[in-house]
Amino acid sequence: MKAAIMGYGTIGSGVAEILRVNKDLIKKNAGEEIELKYILDLRDFPGDPEEKKLVKDVDVIVKDPEVRLVVETMGGVEPAYTFVRKMLEAGKHVTTSNKALVADKGAELIRIARENKVNFLFEASVGGGIPIIRTLNRSLTGDVIEEITGIVNGTTNYMLTKMTNEGSDFDDVLKEAQAKGYAEKDPTADIEGHDACRKIAILTSLVAGQQVDFNDIDTEGITHITATDIKYAKAAGMKIKLLARSAVAGDTYAARVAPYLLSPSHPLYSVDDVFNAVFVRGNMLGDSMYYGSGAGKLPTASAVVGDLIEMLKHADKNIYLEWKEEKLTLGNPEDQENRYFIRTSASKEQVKEAFGEAEFVDAGIQGECGFITGLLRERDYHEKIKKLPDVKNMIRLD
Ligand code: HSE
């Protein structure tokens with residue numbers, strides 16, 4: 001079966017590489033060879049092993065009936081959305097690694113794929129090489145998924161791990177992450193939590209069976225985490241991790257992206273460096289966790305190639321997937337319950353007066369105190385915190 005790749009950047013070239021290197025194995029597993037016929041990119045790649053397959057006009061692929069499998073690794077919503085739509089309407093299966101596209105247009109593209117009796121798959125859009133999408137769509141389908149909590153951004157996990165291990169400041173670690181190529185030149189999407197937000201929006205849409213708008217998810221990044229916060233975390237025997245969380249709240253889900261303090265007994269505590277992991281609790285299954293490389297050329301391309309084989313095996317059939325376009329109203333974040341770690345220059349007496357129950361953490365920092373509250377609803381936290389004069393930082397506990 002013939003395939004095309006749209007976007008010959010890091011992931012797209014990784015897909016081509018896997019199709020070359022694992023050609024025989026892929027033929028064995030798919031039952032048929034997957035032959036790369038075109039690569040769509042506006043750039044030239046002189047000397048590249050796939051150079052002769054490069055085309056600049058998307059319609060060359062759209063109009064070629066031989067091509068039945070298409071990979072989208074361009075990134076961004078446009079023109080990826082327009083191109084993917086054209087491919088599905090032309091009766092071609094599409095797999096994408098593009099979380100921005102899936103979070104924004106996933107429900108619609110799944111419907112268009114169904115109408116055209118093809119598939120739109122997106123394993124690589126969350127957790128890179130970790131097969132979390134197929135696990136939720138194909139394996140855990142007999143369970144009510146009560147909670148999904150993930151470390152789904154490799155850049156920020158690397159940065160927080162470095163800050164923890166070396167005591168370094170946020171800005172220094174960011175520069176180092178950029179120098180090593182983990183963080184992008186413009187790191188906003190990672191460090192402000194937007195990337196993790198889109199990923200948890202996708203996972204929540206899948207388990208809820210309908211569209212979750214990422215704009216509705218309260219999202220906090222890691223830019224306000226300092227070396228002093230890390231000292232407190234260590235003094236409390238905990239680690240700070242950027243979590244993307246979603247949990248059943250009545251007849252809907254409540255979601256949040258924020259840094260959390262985790263104790264060593266937490267399943268995500270040991271997930272360090274650029275690794276990702278997703279913890280899933282099912283009402284029958286109980287607890288489960290999926291761990292691996294959440295980013296990078298070959299791990300992400302591996303997930304794309306897995307989708308290509310899945311699509312080849314279901315070439316004449318749409319694999320049913322429930323993701324309605326109607327928007328899900330998420331639970332009110334003010335109703336969520338947490339414990340909170342707070343740093344303030346207020347006295348211990350003022351803290352006790354405001355919060356009653358408080359567990360003080362001594363990190364040897366002069367001129368301020370750090371404490372952990374009891375379990376509080378977010379709205380009650382907001383009321384009580386107004387009584388403290390100078391709040392330096394707040395981090396939730398999970
Ligand atoms: N910027 C993302 C990360 C890439 O750091 O995890 C994978 O989506």
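Atoms within each ligand, like the ligands themselves, are counted from 1 in listed order.
Checked for salt-bridge contact, K239 and D272 meet the test: a charged N lies under 4.0 Å from a carboxylate O.
Aromatic rings from Y291 and F275 are positioned such that their centres are separated by under 6.0 Å. In this structure, Y81 has its ring center no closer than 6.0 Å to that of F83.
Between G154 and ligand 1, at least one N/O pair is under 3.5 Å apart. Checking only distances, Y182 never comes within under 3.5 Å of ligand 1, N or O to N or O. Taking only nitrogen or oxygen atoms, main chain and side chain alike, T155 reaches within less than 3.5 Å of ligand 1.
Atoms of ligand 1 found under 4.0 Å from any heavy atom of K99, numbered from 1 in the order shown, are 7 (C), 8 (O).
Considering only non-hydrogen protein atoms, atom 1 (N) of ligand 1 sits nearest to D190 OD1, 2.9 Å. Summary of contacts: the protein heavy atom closest to atom 4 (C) of ligand 1 is A295 CB, 3.9 Å.
By the criterion of a heavy-atom distance under 4.0 Å, neither the backbone nor the side chain of E184 is placed next to ligand 1. With a 4.0 Å cut-off on non-hydrogen atoms, D195 touches ligand 1 through its side chain and not its backbone.
Using a 4.5 Å cut-off on side-chain heavy atoms (C-beta onward), N276 and V271 make no contact.
Within a 6.0 Å radius of NZ in K392, more than 12 heavy atoms belonging to other residues, nucleotides or ligands are found.
For the pair R396 and Y340, the cation does not sit on the ring face, since its NZ or CZ is not both under 6.0 Å from the ring centre and inside 45° of the axis.
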